[in-house]
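A, B, ... follow the sequence lines: proteins, then strands. Residue 1 opens every chain.
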Number of protein chains: 2
Amino acid sequence: MFSKACEYGIKASIFIAIKSYDGKRVSPKEISKEIDSPQAFTAKILQALVKNEVVNSIKGAYGGFEIEINKIKTIKLAQIVNAIDGDNIYNGCGLGLHKCDENHPCPVHDKFKSVREGLKDMLENTSLEELALNIKSGTSYLKI
Amino acid sequence: MFSKACEYGIKASIFIAIKSYDGKRVSPKEISKEIDSPQAFTAKILQALVKNEVVNSIKGAYGGFEIEINKIKTIKLAQIVNAIDGDNIYNGCGLGLHKCDENHPCPVHDKFKSVREGLKDMLENTSLEELALNIKSGTSYLKI
DNA sequence: TATAAATAGGATAAAATTATCCGAAATAAA
DNA sequence: TTTATTTCGGATAATTTTATCCTATTTATA
Ligand code: FES
Ligand code: FES
């Protein structure tokens with residue numbers, strides 16, 4: 001469904017959010033250990049998330065990645081997915097036509113419509129906050 | 001969403017179905033022209049579809065690919081997707097955990113559930129027949 | 001100011017996916 | 001039986017995605 005990069009990006013964002021609630025910054029090393037991802041690759045993805053203003057980076061000693069606490073509830077999954085995979089997954093044509101066009105639909109267009117809208121809706125309405133809180137409370141997991 | 005291979009496989013199957021209604025067999029050349037895909041790569045995908053009994057191949061002169069007419073309505077999108085991409089897209093974990101497990105859910109598990117079930121449902125209940133008929137009647141398109 | 005710790009970012013490398021090429025095998029028709 | 005046509009299947013290449021490595025830059029603290 002999503003690229004590996006996107007999966008790592010989502011999980012990393014969640015972990016950074018959790019640590020941010022505790023006022024702590026985290027390193028790519030700590031993140032990749034916690035979400036079970038390749039460290040250097042994860043660091044690259046973090047750069048993309050910084051560029052797209054999902055997470056904040058502080059360089060130098062005692063630096064790391066963090067998210068402002070009051071921003072966590074405003075960040076939606078869609079923003080993370082968009083930063084890494086773009087919007088093709090829920091806006092592009094399911095069969096790879098150059099664009100999804102109501103007036104020139106592919107064979108699966110109507111069938112796909114609701115599925116893709118459901119996906120889009122879910123991504124746009126799911127906040128980092130709720131995902132992070134479920135991890136904190138132990139009702140969901142970041143690895144294995 | 002789907003791999004290129006899968007997109008080609010779905011479109012190829014639809015085109016073969018249409019031609020089969022007219023009692024005609026088609027070659028990878030004709031197929032790739034009609035669905036705008038690389039010919040040799042499409043031929044490989046057709047082999048997978050043959051192996052998975054989605055389409056039938058007749059070797060030698062006057063051969064080609066076809067689908068038994070009364071079988072067209074029984075073939076579901078899920079069978080094609082499965083033959084090429086496997087079932088990970090609607091059975092695997094959305095964040096790449098080793099398996100999607102209700103008792104060990106990832107952060108997006110609950111949110112994803114309905115989306116993935118919608119996708120699975122759609123794939124399992126959409127027949128090649130309906131997709132082919134819409135192309136025949138000119139209400140949907142295989143390329144551009 | 002010097003040092004240590006951390007992110008940024010460029011250069012590669014490995015792996016997976018997508019794509020091409022060509023000869024072998026099968027088969028219908030001449 | 002020969003020929004032309006067509007799928008099959010192995011080898012290879014190109015591209016994209018995933019992953020690693022190393023150096024530069026930044027920055028808090030001693
Ligand atoms: S045209 Fe293919 S999904 Fe809309
Ligand atoms: S565990 Fe991730 S989707 Fe179910």
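Taking atom CD of residue B/Glu30 and atom P of nucleotide D/dT5, one finds them 16 Å apart after rounding to whole Å. One can place CG of B/Asp36 at 16 Å from P of C/dT18, the figure rounded to the nearest angstrom. Put simply, CZ on B/Arg25 is 11 Å from C1' on D/dT6, counting in whole angstrom units. Between B/Lys29 atom NZ and D/dC8 atom P the separation is 18 Å, expressed in whole Å. Taking atom NZ of A/Lys4 as the reference point, atom P of D/dT20 lies 13 Å away to the nearest angstrom. At whole-Å resolution of the value, CD in A/Glu7 and P in D/dT17 are 14 Å apart. Here D/dA19 presents its P atom at 13 Å from CD1 of A/Ile84, a figure rounded to the nearest Å. Here D/dT16 presents its P atom at 16 Å from CG of A/Asp85, a figure rounded to the nearest Å.
DNA chain C lies under 4.0 Å from at least one heavy atom of each of the following residues of residues 40-62 of chain B: B/Ala40, B/Phe41, B/Lys44, B/Lys59, B/Gly60, B/Ala61, B/Tyr62.
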A/Ser37 and A/Thr42: CA distance, side-chain angles, deciding distance, side-chain hydrogen bond (donor to acceptor under 3.5 Å, both in side chains) verdict:
CA-CA 7 Å; A/Ser37 69; A/Thr42 305; 2.6 Å; yes
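Using cut-offs of 30° and 60° on the angle between ring planes, the pair B/Phe41 and B/Tyr8 is perpendicular.
The residues A/Lys113 and A/Glu102 are annotated as salt-bridged, a charged nitrogen and a carboxylate oxygen being separated by less than 4.0 angstrom. Note on B/Glu30 versus B/Lys33: no salt bridge recorded, every NZ/NE/NH1/NH2 to OD/OE distance being 4.0 Å or above.
For B/Phe112 and B/Tyr90, the ring centers are positioned 6.0 Å apart or more.
Phosphate proximity of D/dA19 to A/Tyr8: present, with a side-chain N or O under 4.0 Å from OP1 or OP2.
Of the possible polar contacts, one joining the B/Thr139 side chain to the B/Asn134 backbone as a donor-acceptor pair under 3.5 Å is found.
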